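In what follows, a single structure is set out as structure tokens and then discussed.
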Amino acid sequence: MSAPSNVASYDRRDLRAALRNGSFTLHLGPFSHLVSGASEPLLDFLSDTYRDYSVELTPSDVTDVLLRLEAPNILRRFIRRQITPNPGFKVPAVPLPLSMSPLAFEMGLNLSVALKCCRFINVHAGVVADKDGAIVMSAASGGGKSTLTAALLQHGYRLFSDEFALLGLDQPLLHPYPRPISLKQETIPVVRDMVGDNWISKVVTGTPKGDIAYYRARASDLAQDKTSAKAKLVLFPKFEKGVRPIARQLNPAEAIMRLVPASTNYSLLGEPAFHAITGLLKNIRAYEITYGSTIDSLRLVEQITDQKLV
Amino acid sequence: MAAAPPTTSEKWSSDSHQYLAVEYDDTFLVYFRPSGETHFLNFLSYGMVHAVSSGPLSEEEILARMRTDFSLTAEELPETLVATTLSELDQAGLITALDAGT
Amino acid sequence: MTEKPIVPDTSDSESETSEDSRIAERRQLLMLGAAGLPMMLTLKASAQQALVSQLTCSITLPKRVRILVDCDGRAWVGTRNIQYKNGKGFKVADIVKFKDKATYAFPAGDVPNYWLPDNCPIEECSNDDDDDDDDFDYETASAELDDLMRTSLPSQADGIALASIRMGDDDDDDDCDEDWIDSGYAFYKLSKNSTILPVDHTSGTGWSPQANKQGLFIALSLVYESRHGDAPGWPGISCIVSIINYFGTQN
Amino acid sequence: MQKSALKQIVGIAPLPEKVMDRIELVRNADANHILGQMASANTSDVSDRLHDIFRNALLRAGHDHIMLQFEINRLEHALSGTGIEPVVLKGGAYVARGKKAAGGRRVSDLDILVAEDELEEVETRLKEAGWSPDEATDNEYDQAYYREHMHELPPLRHAKRGTIIDVHHRLLPKTARSNVDVALMQQSAMRIAENPVRTFDDVDMFVHSAVHVFADGAIDTPARSLVELYLLYIELSSDDALRLKTRAKAVGAIKAVSTALWAIDEFFDEDNALALSNEALAEKPNFILRWAIATKTLERPSAPLAKLLLYIRSHYLRMPLRLLVPHLARKAVAWRPTTKKPIELPFP
């Protein structure tokens, strides 16, 4: 049994063997993930984008997530070398070419966390934090959330997650889960310009969602993956081409009305979830911000946070 | 006056231990324990749930109470609005009908 | 853009909503209520609901669809019919014409094994050494159960016309009539306005086309998607792509 | 699933020492929808991480139980003033009675039993209260099938809450060859509180579960069914256990009950159950059935065949051949296996 260590510290052969045996265990934030299914594209991806993440090649305990990346059953001889994520419960998963293994891996982990882990309220939202607290950003896909997250990371914030706000049930605190940030299509060059080539994974081209690349989390973010934070602001960002930047403050009730439908498990969790979501909005403000450029969005956030919060 | 409509024989009640409410500027976020559901209630619907929590009231009594509590005229708060709101609240389980006889 | 971003400073005004404006708001709300707006709203969470709505798109065929499959797993898709006579088989001229006028042609190997014709003249791809133990061994079952099984085998259920029909087709001679051919092809007919729910053809581990003609249509749709993406031309391709996309948005 | 796994899940055998075995057990329990039962049976000697995973499962079950209690409340609301006293069956009954079998159990639908002559009024009242035929069965064929041959109304789904209620008026279909004296069981059903909704008593709950599993053909979830039977069984008082035989005879469920007792011994080594089974039973459960149950439960390589046999058997028990053949043919379209696993059969 090995103590957890960075992906980069392992031999590729050992990583491959662990993935084959289904003993590869990724530890991140509150969750542990057991993954099986080795492929060269996945190994390439892990040794680059996940280089600083903590893994064990033999699990030391049971894990929250059990993910199998496997060849699709029925069509396995139909379209060659395909892969599909199997999180252990029924979801219609689409087979992907083997070259898209990183996508299958990320997709599988997201499905598992979204639909299976209910010790936290999962809200589909990006979260970053500084010493004053966390900013929760909830947006529809394509709302420019990932770009804004990446931009805030360049301005003194640390990454909690670009995908899930994990809100504690016992206390209304946000918990980090700093997986790599997924970038789609035209956001790839924008973020690449912002953070530099070294931080962006190889582009997976031709996925059902177009081109996808991943922005690697920083070692400093990963080092604080157990440090939770109180929220200081809730944002609903909206990117619209050529629009004049504007912020509209929302009644907390309206913010809750928007956050709950973005949650995968609010209804399931009942009373603790009610306390948590009202606790989250207590004494903080919520804004809808609309903007046409990254610079504008940063200035809006700056202006909002500069007004001293209650 | 003798022939009251049949609905008025019904009295409505609610149990304040069964729900949690947080007010946001005249809007109430209400968690209802028996159903595990979260509802948004406005001042009227919440006012009605709250009013019948301290003792059963008939529809007529609720109507009168809401008009007084919120200083509304009969025109502003018509009977039908109270009736439909009662039925919404009843469907969600937030209030319960008691037979006048019991 | 030279204008300053606008963040309205609402910290004071918000908390000092005057009694008057509150009453005005309430009156307005009541008017809306009288007009039928509900006085309460129940929150419904769950990405799963969104998931379901994205997955429940259906395909309604705008025209009839006919699919001809040969033993090598080629497929031709069109709208023409092919004459079939019991004991003789398919009319060769119709087959030639069908291939000629087909809207789409899929190369060898594109059709999964299940939909290949049952009667193929040369058993060329018999390297089927896989472990699919599909043939149930029900020797141990009682005779009654056994009978039951046979009666309920889905040979030509659901309108699938097979080139060779197992039951009641004793015309096994292989002499090739010039005009008719009784082996080497399977022909599937989907009628106009028939509805296909792609989500019925998925399972926990991926696409899982059902063993019927709709399943073949789905299988071919996937091949089409893998080659052409959501390029229009194939009926219902956007529905297929929306399901595939669901997983993209999860990312 | 291994025999030892079933015992570990219900907490009568220690959890595996090796981490990978433990993981496999959790995976298995989850795949068989009994992770919650495992969580509520295994409360001590649990690592923090396992505790987290158990908590996940219990939170889900907790949600189901609240939902179910509320559905019972809404059912009472819908039937108020009719004098109808429905009997809540299966998961709903376990939850309402706080049975061990409810611990961590997921419940999705509310099943109720009413007298045949109450059926019409119940349907009307439920429809007035917002339930309507579920889309999946809202077609002529299925509607007719349910009404003519089955023992329930087609499932009704509530338009606002999305929950499903199944209204039965007997425990086995009209067409079933052997039948259970449901009136007798209804007579001894008891009110849950002062409300009109009732459940069976402990003995009849076990009898019904046995009928459901072994005469009604609910074999899609064998591990779950066996765990349920076991949990109901161990909660019977010794008097109740002795009463099983006479009760099963009286209501005409002797075969199902003795098969259940046989299975409890077979999978959980409850010797008393076997003794009761032997005593109760003139003939042992037939060997094809025993073999099929064991095969399916333990997921031996021939499981698809076992499933097929059980599927056919369940239909065979419910319906005369004349009815069975066309129905199977209709349902069998999706059926010729194209994978190692047969395609899931839509079980009516």
Side-chain angles (χ1 to χ4, degrees), chain B residues 4-22 27-42 44-46 48-49 52-53 56-59 62 80-102, chain D residues 36 55-84 88 91-92 95-96 98 102 104-110 124-132 156-165 192-197:
Chain B
T7 47
T8 53
S9 70
E10 225 167 25
K11 291 223 175 206
W12 295 96
S13 77
S14 74
D15 178 356
S16 60
H17 298 293
Q18 287 190 331
Y19 60 85
L20 303 165
V22 178
T27 297
F28 296 79
L29 188 67
V30 175
Y31 178 77
F32 188 50
R33 287 192 168 118
S35 65
E37 286 187 313
T38 306
H39 310 280
F40 272 101
L41 270 56
N42 61 25
L44 176 70
S45 48
Y46 182 75
M48 286 165 58
V49 174
V52 299
S53 70
L57 296 174
S58 69
E59 185 174 327
I62 295 169
T80 49
L81 185 55
V82 166
T84 53
T85 307
L86 278 176
S87 121
E88 280 180 59
L89 294 170
D90 178 35
Q91 270 202 30
L94 285 162
I95 56 170
T96 316
L98 306 171
D99 270 344
T102 58
Chain D
R55 190 173 170 212
N56 266 342
L58 293 175
L59 282 166
R60 285 172 183 280
H63 164 262
D64 290 355
H65 294 188
I66 288 180
M67 179 274 286
L68 201 102
Q69 299 268 26
F70 189 62
E71 289 307 304
I72 292 177
N73 168 296
R74 293 292 89 187
L75 172 69
E76 282 165 355
H77 187 256
L79 296 183
S80 71
T82 59
I84 294 171
V88 175
V95 171
R105 188 189 197 272
R106 300 222 52 187
V107 193
S108 52
D109 308 342
L110 178 62
T124 311
R125 286 297 196 113
L126 289 177
K127 284 185 173 170
E128 280 167 9
W131 277 276
S132 56
L156 300 169
R157 184 186 286 279
H158 194 274
K160 277 205 174 145
R161 298 191 299 278
T163 47
I164 287 188
I165 189 165
I192 294 169
E194 68 271 31
N195 306 317
V197 170

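What you see is a predicted model, and the numbers here were worked out from it, not measured in a lab.
- Residue D:F70 comes nearest to B:G93 through the heavy atom pair CZ-CA, 4.3 Å, listed as atom of the first residue, atom of the second, then distance.
- Side-chain contact between B:D90 and D:H77: present, with at least one pair of heavy atoms (C-beta onward) separated by less than 4.5 Å.
- Applying the side chain to side chain donor-acceptor pair (under 3.5 Å) test to D:R106 and every residue at least two apart in sequence or in another chain returns D:D64.
- Neither the backbone nor the side chain of D:H63 comes within less than 4.5 Å of any heavy atom in chain B.
- When every heavy atom of B:Q91 is checked against every heavy atom of D:K160, the shortest pair comes out as OE1-NZ, 3.5 Å.
- Every ring-ring contact (aromatic ring centres under 6.0 Å, His included) that B:Y31 has, sequence neighbours left out, goes to A:F274.
- To the nearest 0.5 Å, the span separating OG on B:S35 from CZ on D:R74 amounts to 8.5 Å.
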